[in-house]
Number of protein chains: 2
Amino acid sequence: MPVTKGSPLDPARTRAAVLHRATAIFYARGLDGVGVAELCSTMGISKETLYRHFGSKEGLIEAVLKERSERVTRWLSEAAEAAGSDPRARLAAVFDALASWHGEPGFRGCAILNAATQHHGAGGPDEAGQHGAPREVAARHLERRLALLTDIARDAGAAQPEVLGRQFLMLVTGATIVADHHPGTPDAARHARTAALALLDAATHPDHRP
Amino acid sequence: MPVTKGSPLDPARTRAAVLHRATAIFYARGLDGVGVAELCSTMGISKETLYRHFGSKEGLIEAVLKERSERVTRWLSEAAEAAGSDPRARLAAVFDALASWHGEPGFRGCAILNAATQHHGAGGPDEAGQHGAPREVAARHLERRLALLTDIARDAGAAQPEVLGRQFLMLVTGATIVADHHPGTPDAARHARTAALALLDAATHPDHRP
DNA sequence: CTGTTATGGTACCGATCGGTTCCATCAAAG
DNA sequence: CTTTGATGGAACCGATCGGTACCATAACAG
């Protein structure tokens, strides 16, 4: 029989705590920037515990990235929903959420995209049929974000919501990258928001020029 | 006296060849994805030669990134110039060049941004007063790209060329990232081009609506 | 109580890392 | 010819890597 729920020996609770702590450490130091030994000592667990729960460092990374992707996706969707039903307001809310994220103290870009970039060495599918896990997670991550943005474009009545959604995706992604790597553009998300709204208006309103 | 120019023992020629080969290897495998030993054997040189020319792996990386940044910047500027003097045509040419780059066989995103992401562990300035070299090179790289795009926006007569230039920068960067990490969007640069031209037109033409 | 289970700590493994040193070679300068 | 300097090859260094095995402890089940 399993031990009592919530006890300090509850494996599920331990796993969740490790996942949470490892997410922050990997984000701050990079996937290859921290070894398993230091990782465990920082988290206050033993290596045996880590390997019992996740099998390998790769397994831990994959679990961290999947959980992070779901959390971020949910966070952005909720930010859009909170803005109401007007597509324009929802789009603006997405970029406002982006701006506040970029302004957070430890901001270092998108953890999922960073991980995929750091692991680009494992390019193709390996012998186990597994592609590089970080790159797969990143692709699905962008796919979900594209779906959210395309929904907004569709609700707004754009002629080509798929195209407009992809343009929004590039603005969101580009703003995050620029905010991370170009200190001269601290308000990237604000400018991206202006551009996105202009594109939405151009795709929605009829063209008045001859 | 130095040996005859062009001889196989000419240090400058050796250095240039190493730089060229290392650029391709680092781009394909990642900065940490290949060790110095494999790097040297692949390039057909000895470790002593590498360390005599570049001092350390970090020194080689820095030299590779700086050379790459200059080459890419020159390439994009020339693509814009070749389109003539019309700002709209030059802007379109930039995204056309981007599209052809994204379509190349070994495309793996921007080498400079990838390197900066892979080395985000060396966050602040170290004891030698040197910030993480890859991150500095990336910041300057984006700065030069921003200057090119802002010039186009200014030549087009935009009311706020700095803002429009930054929006172009986010579209260029976002398109490259999406093309790398989202297989579902193979024509990212084409959609980014459409968006950029729409933004340029909106910022240039007077607004006809009440 | 006893038995089970999850845990933290530690020592250890082979492999690989970045970097250093020595040496034979080979082309060009004199 | 001899001398000079750049090179490739290989051995070697200490450190760190991801991963495994073993063990004492502590909390819970019965």
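Each chain gets a letter, A, B and so on, in the order its sequence line appears, and its residues count up from 1. Side chains included, hydrogens not; waters and symmetry mates left out as well; all remaining heavy atoms used.
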Check side chain to side chain donor-acceptor pair (under 3.5 Å) between [X] and all other residues, then give those that pass, not counting sequence neighbours.
X	result
Ser69(A)	His141(A), Arg144(A)
Glu70(A)	none
Arg71(B)	Glu67(B)

**Message:** Rounding to an integer number of Å, can you tell me how far Arg15(A) CZ sits from dT7(C) C1'?
**Reply:**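 These atoms are roughly 17 Å apart.
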**Gap between atoms CZ and C1', on Arg13(B) and dG5(D) respectively (whole Å)** =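 It is 18 Å, rounded to the nearest whole Å.
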**Request:** Give me the residues of residues 52-61 of chain A where at least one heavy atom lies under 4.0 Å from an atom of DNA chain D, by number, or none.
**Result:**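 Contacts with DNA chain D under 4.0 Å: Ser56(A), Lys57(A).
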**Message:** Near DNA chain D, counting only heavy atoms under 4.0 Å, which residues of residues 38-51 of chain B show up?
**Reply:**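 Output list: Gly44(B), Ile45(B), Ser46(B), Glu48(B), Thr49(B).
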**Prompt:** Listed by chain and number, what are the side chain to side chain contact (heavy atoms under 4.5 Å, CB included) partners of Val163(B), not counting sequence neighbours?
**Reply:**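 Per chain and number, Val163(B) pairs via side chain to side chain contact (heavy atoms under 4.5 Å, CB included) with His191(A), Gln160(B), Gln167(B).
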**Prompt:** What residues form a ring pair (Phe, Tyr, Trp, His ring centres under 6.0 Å) with His102(B), not counting sequence neighbours?
**Reply:**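 In terms of ring pair (Phe, Tyr, Trp, His ring centres under 6.0 Å), with neighbours along the sequence ignored, His102(B) is linked to Phe107(B).
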**Request:** Determine which pairs satisfy side chain to side chain donor-acceptor pair (under 3.5 Å) with at least one residue from residues 77-89 of chain A, sequence neighbours left out, and list them in order.
**Result:**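 Every side chain to side chain donor-acceptor pair (under 3.5 Å) pair that includes a residue of residues 77-89 of chain A, provided the two are not neighbours, is Arg88(A)-Asp201(A).
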**Prompt:** Is the backbone of Asp32(A) close enough, under 3.5 Å, to the side chain of Lys57(A) for a donor and an acceptor to pair up by distance?
**Reply:**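 Answer holds: no.
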**Message:** Does anything in residues 175-193 of chain A form a salt bridge (charged side-chain N to carboxylate O under 4.0 Å, His left out)? List the pairs, not counting sequence neighbours.
**Reply:**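 As it turns out, the salt bridge (charged side-chain N to carboxylate O under 4.0 Å, His left out) pairs with a partner in residues 175-193 of chain A, which skip direct neighbours, are Asp96(A)-Arg193(A), Asp180(A)-Arg135(B), Asp187(A)-Arg190(A).
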